[in-house]
Amino acid sequence: MGREFEYDSSGNTTIYFLMSGIVLYLVPATISRLSKKSDSEKDKVEELLCVCKPCRNKRHLVESRKKKEFISWGTIVYITAWVLLLVMAYAVTTFEHEAIWDPFEVLGLDSSATTQEIKKKYRDLSKQLHPDRNLGEETSAMFMRVAKAYEALTDDATRENWEKYGNPDGPQAASFGIALPKWIVDKQNSGLVLGVYVLLLIIVLPVVVASWWYKSMKYVKDEVLVKTVQRLTHYVTKSASIKGLVEAISLAEEFDTLKARTSDGRELPHLLSQLPDLPRAFNKFKAFTKENIKARIILHAHLERLDMSEAMMEDWLECMDKLPVLLKAVVDVVAYQEIREHGFLRVCLHTMNLQQMLVQALPTAHSEPLLQIPHFDDQAVRFCRSKRRKIRTVQQLFALDDDTIRNEVLHSLDETQLEDILAFGRAFPYLQVSHSVRVADKDVGDELTANAVLSVSIQLRRLSLDEWRAVEQTEENESDAEEEVPEGKLARSGFVCLGVPDVSQAKQSIGVNPCSWFLPCSIVPLSCPFVHVNKQQTNMTGKKKTKGGRGKRRRRVVKPVAALQDKEADESAPSDAKTLATTSQDASAKASSSEDNSDADASSGSDVDDDDDEAWEAMQRDLEKGKDKNEDDESTSFPVHCPFYPLEKQEGWWVFLGDEKRNRLLAPIPLIRVTTLKTEKTVTFKMQAPGKGVHHWVLYVVSDSYIGHQVRKEFKLDVQDAAPEDEVSEIEDSEEEEEQSDDESWGDSDSDF
């Protein structure tokens, strides 16, 4: 049995091959387009929460740009592929497929027919189709098929071949079809085919490889030009200010694609006249072109929210399209500059602040956080920042309840404007951050020594407005509760809280928090079992002693006994031996308690040593989970309220460690940018411990969208000197000797027994 190869003369195999290739392209392309469509619809629904005029204008601009970008080469190829697939699928349905040869079907009998019935049917068909009676090629071919079928059913050897191989002649040669039309190898078309091969192999393929190589040499990652990175590396120095960073970004070679318009000579000087603080020429930057100057003016006009003409708006949109990649490139350059030469922490923070200003379109000299709120102007900012209200940040404003914002703070605004402001407050991100630093090297042990491998885990939690207000209220109550009254005495002024055993139950039953009931201390007996009085040195007039001998009258708040006992139990509980540094909501307020915990850890080290293996395994599981969480998935975060930024922006957070005293950017390098925070997110990375000594570090979680929105947490690491190798070897030898002595003593006891 041999093999036969033949070209597809009918074209059936070629169509199947082409359909397979088209399907391989259409399946992932369709999934990608459907997922993008669903994400955009979700973002649109969420963004409709804000209906202020600038947001409506931005949505109209984004939708109009999407309509223009809909007809692109990618869309044309996608539609063409679907059309070809449908045409080929219809052509496949019209193909005539060769049926399986069946002798019973040829004779017109059932498969259960007997030999007598087969012979009788053959005689009848022979009389009708015999060549002597009926002349013609079709009749002769039919008679040959009938004779072959009769032989296959009556001859034992022939019938065995048919039943085994499907052919009365026995096994046949395997036939393989080549999915190429037969006309390709025809001698008449040999010149055309040879020309196509020469065009593809000698011209097209080298051009494609050369263009790919040229692009790889011209660009770095994230599609940033190499010359742009070189300019940023040269001009972004330790002393770079925010305005200097704007000038450095405007020198990017990506802006060379800006069109030179005849109206530039009139419009650019007009914009420049509205920017009095902007120097008329680059200061120390010499590598610039006309396009760089134009980009520089457009960026500053964007920060000042200046009006532009339609032609200038096109250039503005082109500059804004290039900004996200360039800003990320600046952050990467600063991070890698830190490796070569320390001292770029402030420049890194300047870069992130500049990104916030560009997203919110606020000037570098007047980056007021309150101006991010809809319908806020300079007058509203001055009103909020007055001595009476002292509202300087977005968080301070929305820490107030809605009624207070309506009736006291922003009472001059109408109802529609107030609804826009409250909608902004509900969409604004509120963060809760905690972290832990652990020794990742098992051989080193739990003690933090110099040059040990550290595993840093940072937990981010995004709170809603109601959750954040509840957290702020709880912290405020705890801070108020720290004001104490003397034990065993009656305070003649101030107030105490009538505590109850179950505050939540009382609040649910009467609708008011009992801890908000304050009565004069003179009518409250200190022997009340629901009132706990803490110790504090206070005079009988209720005034706390100060250096000048005078004090300020304070409200005395007494907490229920059960709550204080729970708090004291939590504070006295020992922490995990592997956790070397942890943070809470206020590091400065709990610095003394952290020192007490460290002493407790030292005293309870023997108890924790028994659980070292379990703690180590738990830490490894946490690291693996954190590693998976660090990877960006396809999901997105929440849309950012940025009506003057023409792109759809999702929330992002820069997470890193810094040393402010030495102006050093510590880790991770490159910096981690979290773009998928919806409810909770854990970021983990490893770094090397510093040298011996007490190091004061700062954890930064900086928003890339909202001005002044960052979480800054201070903590310290007490690093011990690593044990010398000689001491380590002596310890290991002593441990081996102890094990040998234990084995010998155990053997002696066995022999005596």
Side-chain angles (χ1 to χ4, degrees), residues 42-63 304-305 307 356-357 359-363 366-432 462-476 511-513 516 637-646 648-651 678 703 705-710:
K42 181 180 178 181
D43 295 343
K44 183 178 179 180
V45 172
E46 293 179 347
E47 209 172 19
L48 285 175
L49 293 175
C50 181
V51 293
C52 62
K53 184 177 180 181
C55 286
R56 293 197 302 269
N57 295 338
K58 175 186 174 178
R59 283 193 291 272
H60 178 71
L61 176 63
V62 172
E63 291 175 359
E304 297 289 345
R305 300 182 180 180
D307 295 332
Q356 298 171 356
M357 297 172 187
V359 171
Q360 296 297 333
L362 288 175
H366 188 61
S367 56
E368 174 59 51
L370 295 177
L371 290 177
Q372 303 171 103
I373 305 175
H375 310 295
F376 260 63
D377 52 10
D378 294 336
Q379 182 179 359
V381 171
R382 287 193 298 270
F383 182 79
C384 291
R385 293 176 66 92
S386 61
K387 294 182 179 180
R388 177 185 175 186
R389 293 167 181 82
K390 297 181 180 180
I391 299 175
R392 292 177 173 82
T393 63
V394 177
Q395 292 91 332
Q396 290 177 351
L397 175 63
F398 291 104
L400 306 174
D401 57 85
D402 293 351
D403 294 336
T404 304
I405 295 175
R406 289 174 181 271
N407 302 326
E408 298 182 13
V409 181
L410 304 177
H411 55 83
S412 61
L413 301 179
D414 57 33
E415 188 65 24
T416 303
Q417 294 173 338
L418 288 172
E419 288 298 329
D420 294 341
I421 293 174
L422 294 177
F424 172 84
R426 289 190 294 267
F428 191 80
Y430 307 93
L431 283 190
Q432 196 173 29
R462 190 185 191 278
L463 304 177
S464 64
L465 179 58
D466 295 334
E467 294 174 343
W468 180 73
R469 283 176 175 174
V471 172
E472 290 292 314
Q473 185 65 32
T474 302
E475 293 181 355
E476 183 178 354
V512 181
N513 188 354
S516 63
S637 181
F638 292 89
V640 176
H641 181 273
C642 47
F644 298 96
Y645 188 68
E648 292 181 336
K649 183 73 175 67
Q650 300 287 328
E651 292 176 2
K678 290 188 175 181
S703 172
S705 306
Y706 293 102
I707 291 178
H709 194 7
Q710 68 177 17

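For the single chain, residues carry numbers from 1 onward in sequence order.
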| request: Just do the side-chain contact (heavy atoms from CB on, under 4.5 Å) check on His375 and Cys52 with the steps written out, would you? | output: CA-CA 8 Å; His375 310 295; Cys52 62; 4.1 Å; yes
| task | Starting from the C-alpha separation in whole Å, work towards a yes-or-no answer on side-chain contact (heavy atoms from CB on, under 4.5 Å) for Tyr430 and Glu467. | result | CA-CA 9 Å; Tyr430 307 93; Glu467 294 174 343; over 6 Å; no
| task | Take Ile373 and Asp420 through the test side-chain contact (heavy atoms from CB on, under 4.5 Å) and record every step on the way to the result. | result | CA-CA 9 Å; Ile373 305 175; Asp420 294 341; over 6 Å; no
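Between Arg59 and Glu648, no side-chain nitrogen of the basic residue sits less than 4.0 Å from a carboxylate oxygen of the acidic one, so the salt-bridge criterion is not met. With respect to Glu368 and Arg392, no salt bridge is recorded, no charged nitrogen being found less than 4.0 Å from a carboxylate O.
You'll find the side chain of Arg56 stays beyond 4.5 Å of the side chain of Pro643, heavy atoms only. Here the side chains of Gln650 and Pro639 are in contact, with some heavy-atom distance below 4.5 Å. Residues Gln395 and Phe428 have side chains in contact (heavy-atom distance under 4.5 Å, counting atoms from C-beta outward). Residues Arg406 and Leu422 form a side-chain contact, since some pair of their non-hydrogen atoms from C-beta on lies under 4.5 Å apart.
Other residues, nucleotides and ligands place no more than 12 heavy atoms under 6.0 Å from the CG atom of Asp307. For NE2 of His60, the number of neighbouring non-hydrogen atoms (other residues, nucleotides, ligands) closer than 6.0 Å is 12 at most.
The closest donor-acceptor contact from the side chain of Tyr706 to the backbone of His641 lies under 3.5 Å. Using a distance-only test at 3.5 Å, with no hydrogens or angles considered, a donor-acceptor pair links the side chain of Lys58 to the main chain of Cys642. Put simply, the side chain of Lys390 never gets that close to the backbone of Arg385: no donor and acceptor are under 3.5 Å apart. For Glu304 (side chain) and Leu362 (main-chain N/O), no donor-acceptor pair under 3.5 Å exists by modelled atom type. Between the side chain of Gln432 and the backbone N or O of Leu463 there is no donor-acceptor pair closer than 3.5 Å.
Arg389 forms a cation-pi arrangement with Phe383, by the criterion of a distance under 6.0 Å to the ring centre and an angle within 45° of the ring axis. Both the sub-6.0 Å distance and the 45° axial angle are not jointly satisfied by Arg469 relative to the ring of Phe398.
Distance check: Leu370 CG to Phe376 CZ gives 6.0 Å after rounding to the nearest 0.5 Å.
Side-chain contact of Gln372 with His709: a donor-acceptor pair under 3.5 Å is absent, judged by distance alone.
Scanning all heavy atoms of the two residues, the minimum distance from Pro374 to Ile421 falls at O-CG1, 3.4 Å.
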